[in-house]
Protein chains: 2
Amino acid sequence: MTGSERTCPIRGDGGRALRAVLDRIGTRWTLLVVATLDRGGLRFGELERRLPGISQRMLTLTLRNLERDGLVSRTAHPEVPPRVVYALTATGRSLIGPALALAGWAAEHAPDLEERRAAHEARETAAHDE
Amino acid sequence: MTGSERTCPIRGDGGRALRAVLDRIGTRWTLLVVATLDRGGLRFGELERRLPGISQRMLTLTLRNLERDGLVSRTAHPEVPPRVVYALTATGRSLIGPALALAGWAAEHAPDLEERRAAHEARETAAHDE
DNA sequence: CTGGATCCGCTCTGATACTG
DNA sequence: CAGTATCAGAGCGGATCCAG
């Protein structure tokens, strides 16, 4: 739109913008949380149940980071017992597209990667044993 | 292709495939290296010069991982001094598409994220000072 | 020129226990 | 129910020196 799109978005600014994003979505749970919230807002406990293996600590930290970056909104209802609902913001939803592209690639090539990696390690082990 | 794409690729298998990929491209230099190799094979020194700030160690490790996963090919010419050329494989090139999608999102929203984060931190600091 | 080896610090992550 | 606090472990990433 600005007419200056000829630089690669990946290397554009030396990768700083991309780095900033990867530092967030690169963490173990971020994308899973975002994907889980895709269908609508959820409570803390709901999220915890839908993310097998996550600890309260990591769920809290992940949500805090997402909230800080404006990808997730937090709504606390002043009741007892407390009820807090997390939901994606417009920005948060906009991340799902690119994330899906990456996830698609992952689903398609993950078996390949593991295969190659296994083969590679086997080769190295053999070379070592010999 | 297979007709069984109704599960979300992100949460599909609990995120294992996606995790496997993020564990690789989530590292600081992987995507930068891939992007730098996009226009053709390069020598080790070339890559080092085109990736300001990377250390020899991390360049070596990154290339080794990419090679192990079959995303990058390594061609050593038995000369003196040594000459080693790294290039993207077909699989490696196929990663550029999704990566570009993510980078595009990053370029578009990174300023937003930093802004929000700054605002958030300012708010917290103020609350602390008071 | 291309890398291997080592030391070191930082952050991510998880388990556990405690609070409003 | 929804977090916070603390402790400990593991891995990434960087700087530096050395070798083929």
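Chain letters run A, B, ... following the sequence lines, proteins first, then strands; residues in each count from 1.
Summarising the geometry, the separation between CZ on B:Phe44 and C1' on C:dG4 is reported as 11 Å, rounded to the nearest angstrom. Note: CG (A:Asp23) to P (C:dC10) measures 17 Å, nearest angstrom. Look at CG on B:Leu59: it is 8 Å from P on C:dG3, rounded to the nearest Å. With rounding to whole Å, B:Leu63 atom CG is found 16 Å from C:dC1 atom P. Regarding A:Asn65, its CG atom lies at a distance of 11 Å from the C1' atom of C:dC12, rounded to whole Å. Summarising the geometry, the separation between CZ on B:Arg83 and P on C:dC1 is reported as 13 Å, rounded to the nearest angstrom.
Hydrophobic cluster membership is shared by A:Val84 and A:Leu42, with clusters built from Ile, Leu, Val, Met, Phe, Trp and Tyr side chains linked at under 4.5 angstrom.
Taking CZ of B:Phe44 as the start and OG1 of B:Thr60 as the end, the distance is 3.5 Å to the nearest 0.5 Å. Rounded to the nearest 0.5 Å, atoms CZ (A:Arg50) and CG (A:Leu32) are 13.5 Å apart. To the nearest 0.5 Å, the span separating NE2 on B:His109 from CG on B:Leu113 amounts to 8.0 Å.
By the 4.5 Å heavy-atom criterion applied to side chains, B:Thr27 and B:Asn65 are not counted as neighbours.
Residue B:Thr60 is in sugar-phosphate contact alone, with no base atom involved, counting any heavy-atom pair closer than 4.0 Å across all strands shown.
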Footprint string (nucleotides 14-20 of chain C, 5' to 3'): B base within contact, S backbone only, - free, heavy atoms under 4.0 Å: BB-B--B
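Of all nucleotides in DNA chain D, those with any atom nearer than 4.0 Å to a heavy atom of chain B start and finish, going 5' to 3', at D:dG13 to D:dG20.
For A:Ser73 (side chain) and A:Thr89 (main-chain N/O), no donor-acceptor pair under 3.5 Å exists by modelled atom type.
Residues passing the side-chain hydrogen bond (donor to acceptor under 3.5 Å, both in side chains) test with B:Asp13: none are found, sequence neighbours excluded.
Toward the 5′ end of DNA chain D lies the nearest nucleotide of A:Arg74, the other residue of the pair A:Arg74 and A:Arg19 mapping further downstream.
Between A:Glu46 and A:Arg43, none of the side-chain N atoms (NZ, or NE/NH1/NH2) sits under 4.0 Å from a carboxylate O, so this pair counts as no salt bridge.
Side-chain polar atoms of A:Ser94 and A:Thr91 form no donor-acceptor pair below 3.5 angstrom.
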